[in-house]
Structure formats: C-alpha cells, structure tokens
2 protein chains.
Amino acid sequence: VTLAWVDGEPAASELIADRGLHYGDGLFETLLVRNGRARFLDLHVARLAEGCARLGIACDAEATLSSAIERLGPDATDGTLKVIVTRGDARVRGYAPQGDETRRVLAWWYPGPVPARLDSFNVVLLAQRWGENPLLAGMKHLNRLEQVFARRELAAHGADEGLVLSSGGLVCSGTQTNVFLWFGESLVTPRLDRCGIAGVMRAAVLREGARLGVTVQVSDIAAPALDQARALIFTNARIGLRFATRLGARELEQPDALMRLAAAIEALDA
Amino acid sequence: VTLAWVDGEPAASELIADRGLHYGDGLFETLLVRNGRARFLDLHVARLAEGCARLGIACDAEATLSSAIERLGPDATDGTLKVIVTRGDARVRGYAPQGDETRRVLAWWYPGPVPARLDSFNVVLLAQRWGENPLLAGMKHLNRLEQVFARRELAAHGADEGLVLSSGGLVCSGTQTNVFLWFGESLVTPRLDRCGIAGVMRAAVLREGARLGVTVQVSDIAAPALDQARALIFTNARIGLRFATRLGARELEQPDALMRLAAAIEALDA
C-alpha cells in the first residue's frame, strides 16, 4: 500500500498519482474561444495529436478537444479554454511509462475576451537561452520551467515580451510566443527542431501567409540577423499577431503588408 | 470565475490549479528509509533548500522533510519516501509566478526495502542526449520528460541502466543515476553545471570518498574517455552504488578499492 499526503493531510486528490504532476508527462493546448467558436481548432487538434504520438500517449485529439468545447455550453462565447492531456496515473514508481496507463484530460475555462491591445509592445532580448533537445522540440508539453524562468527575467525588465535564443545562439521564440522577422521582402520564422514550441498562431501565419501572398520562410536565424530585421511579429493563439514597437532601444517598423496580413488572420472566422 | 474538469467531471482536486501540474514548477526528493532512519537527510535538505532558492519558492526544507518523516510513524521502518514541493496554486493564468504563491508539499510512502541486487548491472550508451540549461542544471525539479524518453529508449535495449551524454557530447549521467568513472587511480564524476541532477548519493560519494582516502574529482568528461574507464559506478539515493558489469559489449572491472568505498558508504548509519 502506498500512502500519500497533501500539505500534511491524507491525499484525497484524483491527481495524486498523475504522471503530469510527477514528471510533466503530458501536453496542453490553450484555445481562444471567440463568438462561441474555438479558433483554429484543426491546428490545435493536429498539434495535440502529434504530441501524443511522440510521447506515446493513446488519445483521440479531435474527440478530446471537441468534447471539452461542447462541455463549455452555449453561454461560453468568449474566453480561453486550456486543456491538459497527461499520460495518466503512474502504474509503478519511476520515470518509465508502462504503456498501459490511461490518459487523463483536464480542462479549464477562463471566461472573458482577451484584453484590448496596448499601443506599444516592447521586447527585450533575454540573457537566458532555451536548452536544446530534438525529442522535446516543438511540443507543447508540460515541462515549462524554462518559461517560468524566462518570465521571471522578463518581469525584471518591465517589457511586454522577451526574445529568447537557443543554447546554440539561434533566434528561437518569445517567452510565450513565436516570432517572425521581417527583412523587407519576406517573413522568416525560426525552425523549431531543437527547442521552442510550434504555436498554433505560427502555423496559421504560415498557412494564411501563403494564401494571402506573403512569403513566409522557416529557417535557422542567427542572433546577429536581429539587427537587420525591420519588423518583428510575436504570435500566440490568444493574442494573435503583435508587432514589436521596440527591440531593446531600437524602434521597429509596422509595414503595411504585414498589417494587412495580421488583419486578415484576425478576421478569419476560425 | 474559472471552471475546471477532470476527465469530464467537475474538478474536485485540491491540485487542479497547482503550478507543479501545469508547468512542473517544483522540486522533489526521494529518500531511502532504512531501519527507521532516512539516509543522508542532511544532503536531501541541502539540495531541496538550494532548489527552492533557485526557483524562488519560500519553503523551509529542513522542516518540510522532517515533518514528512515524522508523519510516517514508527512502523515505517523500511521504504521509500517521495516528497514534492511545488510553488503552489497559480494566482493568475500564465507562466509568470506572482511571488505570493503558497508552496505545497506532497508526500508518498512506498513501503518495503529496496529489492536485492542482481549480480549483473548492464549499461548501454543511449543515443539521446540531455538538453543544456545552466538555470535548471543540477536541480531535482519536476520537468522530467527527458528522463521519461530516456527510460523508453532504455527499455528497448533491455539493459539495466542507460548512460546519457550532454547535448555538447560530455558524459553526464544515467537515466536515474549519477555516474563515476574509474581510470585506475582516481574516480571522476561529471560536472553538472549544464545538465543532470546533483544526486544525494553522488554528494555522499564525494564526501565519504575524501574521508576514506579515495580521490574523487568533479570534471568535464568527454565521451571518448569512456573507452579508457576501467570501472563505472552508478549511484542514487535508493540503490546506493552499483558497479556496471558491462558498458555495451565491454566488460568492466570492480576494483577492490572501490568495493571497499561502496561497502563503507552502505554501512554508514545515515
């Protein structure tokens, strides 16, 4: 028999043995619900399905997200839905999964629309860098201490977002966003094969950019290229596309072609 | 108001908002209790205290572990005590801690002595490597997906432990152990300033080795040095010191000087 306590009291929680809690052995999605519709649901489903396949978690991603959305009910028209899928309860002690765990789905509803945008969105280059592991790169998994540290460093700067390089010195992402760099003719976003999270809004920009005539490339971007970038866009599913007004002391542009792209994506009924 | 569900039912768990679950924002200790005594308690306390300081979690490490041990009661003479300390409940959505969270302490008791040792302890060099981040290195934090992946790779080999290099190609650790290499005159263990967990039994070997006349060095160890190592020792708080019988196809030694060191540490009344 295994005994367990939470803050000194016998544990009553159904989550006490969950491998998400013990090891961060799971994934999450954060969906923006607008006018009663979860935006870019197909992209969330695709990412969750890929993450489950990589972690070896048996889970129907489409059914999981759809039933979480249905459970919100008709009054939940605007807000943020967070869904965590963990591998489920540990069957034995230790890191190794046994393969017969039952995945657990957790969901949270944060009602209310995304707050109105401020005029400025100041970005600083953070000192800390993301560790690199191809096995984890791109996934929206539950091991997020690096982001916790990054947000702590950002808080000390008082800026709106922090840009983080990879351990190897390539541009990777914001602390909770993906990044696109504009060099005047094309938009470039970092490859995410060694670190970073493949954001849903990043995928949307890649898909819609092509449709709307803006060339978007995925590439390695060395840190010095930041000095050449005329505009920087930070994206996530919740805030959409945000143009950096400054990177450190340097003022950035907000080119018309990109503003049109952002408006077009914002207006999509998805 | 935030609503939450676990597997489709309204969440009753006191852990539903815990940042340990959401981000792996916390630490753990695994203590071996033998003859009614938690071994190397001072080293566990020191590591937990350092981890809390690095993460910015306000927690009295000594009081936390002592009261978990007391709660076991007098019948819990032999077993494994796991303690997790998380930053506590999220005060707002998002990665950034607010600084006013209340740390949560979770504890599990797995009764029963460590199983008897098998004669062989075969080790393989795994293909995957640990990502490097100095901000996380050494800590026994809750972001353990790399270990989950490593144990999955190990399972495919059918060996007893897997040796893992750092992303930069240095020897780092086993999947759930620290490693010491014996080159004939001295014992060397990797620095853990870029990846790895600073194990309590590793600290015990460093401390007791000095006392018992075995020189133990902490150093960078490039992967090719593995071919020169005559013996490999894998350590953790639960299994103590285990001599690798093989690394891949190569047979390893179990030198008398090291066997005496292992026996002396095993016999310590701590």
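Sequence lines set the chain letters: A, B, ... in the order given, protein chains first and strands last, and positions in each chain run from 1.
Both the backbone and the side chain of R103(B) come within contact range of chain A, judged by heavy atoms closer than 4.5 Å. Proximity to chain B (any heavy atom under 4.5 Å) is shown, for L142(A), by both the backbone and the side chain. For I16(B), the parts sitting under 4.5 Å from any heavy atom of chain A are the backbone and the side chain alike. Neither the backbone nor the side chain of L154(A) comes within contact range of chain B, judged by heavy atoms closer than 4.5 Å. Heavy-atom distances place no part of T64(B) under 4.5 Å from chain A, backbone and side chain included. Contact of R129(B) with chain A is made through the backbone alone, with heavy-atom distances under 4.5 Å. The contact between L15(B) and chain A is made by backbone and side chain atoms together, counting heavy-atom distances below 4.5 Å. With a 4.5 Å cut-off on non-hydrogen atoms, L135(B) touches chain A through its backbone and its side chain both. Using a 4.5 Å cut-off between heavy atoms, A107(B) touches chain A through backbone and side chain atoms alike. The contact between L145(A) and chain B is made by backbone and side chain atoms together, counting heavy-atom distances below 4.5 Å.
Formation of a donor-acceptor pair under 3.5 Å by the D25(B) side chain with backbone atoms of R87(B) is not found in this model. Using modelled atom types, no side-chain atom of Q128(B) and backbone atom of L126(B) make a donor-acceptor pair closer than 3.5 Å. The backbone N or O of S167(B) lies less than 3.5 Å from no partner atom in the side chain of E132(A), so there is not a single donor-acceptor pair. The backbone N or O of N122(B) lies less than 3.5 Å from no partner atom in the side chain of E161(B), so there is not a single donor-acceptor pair.
Put simply, of R144(B), R151(B), E146(B), E9(B), the one with the most heavy-atom pairs under 4.5 Å next to chain A is R144(B). Per-residue heavy-atom pair counts under 4.5 Å with chain A were compared for H141(B), R194(B), K82(B), and the maximum is reached by K82(B). Interface remark: of the candidates P97(B), A150(B), S67(B), G112(B), P97(B) forms the most heavy-atom pairs closer than 4.5 Å to chain A. Of the listed residues (G79(B), A11(B), G56(B)), the one with the most heavy-atom contacts under 4.5 Å to chain A is G56(B). If you tally non-hydrogen atom pairs under 4.5 Å between each of H22(B), Q147(B), R104(B), R19(B) and chain A, the highest count goes to H22(B). Taking chain B as the reference chain and counting heavy-atom pairs below 4.5 Å, the highest number among G131(A), A68(A), A76(A) is found for G131(A). Most heavy-atom pairs under 4.5 Å with chain B, from the set L106(A), N133(A), D7(A): that is D7(A).
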(request) Evaluate the criterion side-chain hydrogen bond (donor to acceptor under 3.5 Å, both in side chains) for residue pair N236(A) and T177(A); output intermediate values, then yes/no. (result) CA-CA 5 Å; N236(A) 75 29; T177(A) 52; over 6 Å; no

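For the 3.5 Å distance criterion, the side chains of T80(A) and W109(A) fail to qualify, holding no donor opposite an acceptor. In the model, E62(B) has a side-chain atom that pairs as donor or acceptor with a side-chain atom of S66(B) under 3.5 Å. The closest side-chain donor-acceptor pair between T86(A) and D18(A) falls under 3.5 angstrom.
Salt bridge status for E29(B) with R47(B): present, with a side-chain N to carboxylate O gap under 4.0 Å. Look at D220(A) and R191(A) and you find a salt bridge, because one of the NZ, NE, NH1 or NH2 atoms lies within 4.0 Å of a carboxylate O, short of that distance.
The shortest heavy-atom contact between A137(B) and C195(B) is CB-N, 3.4 Å.
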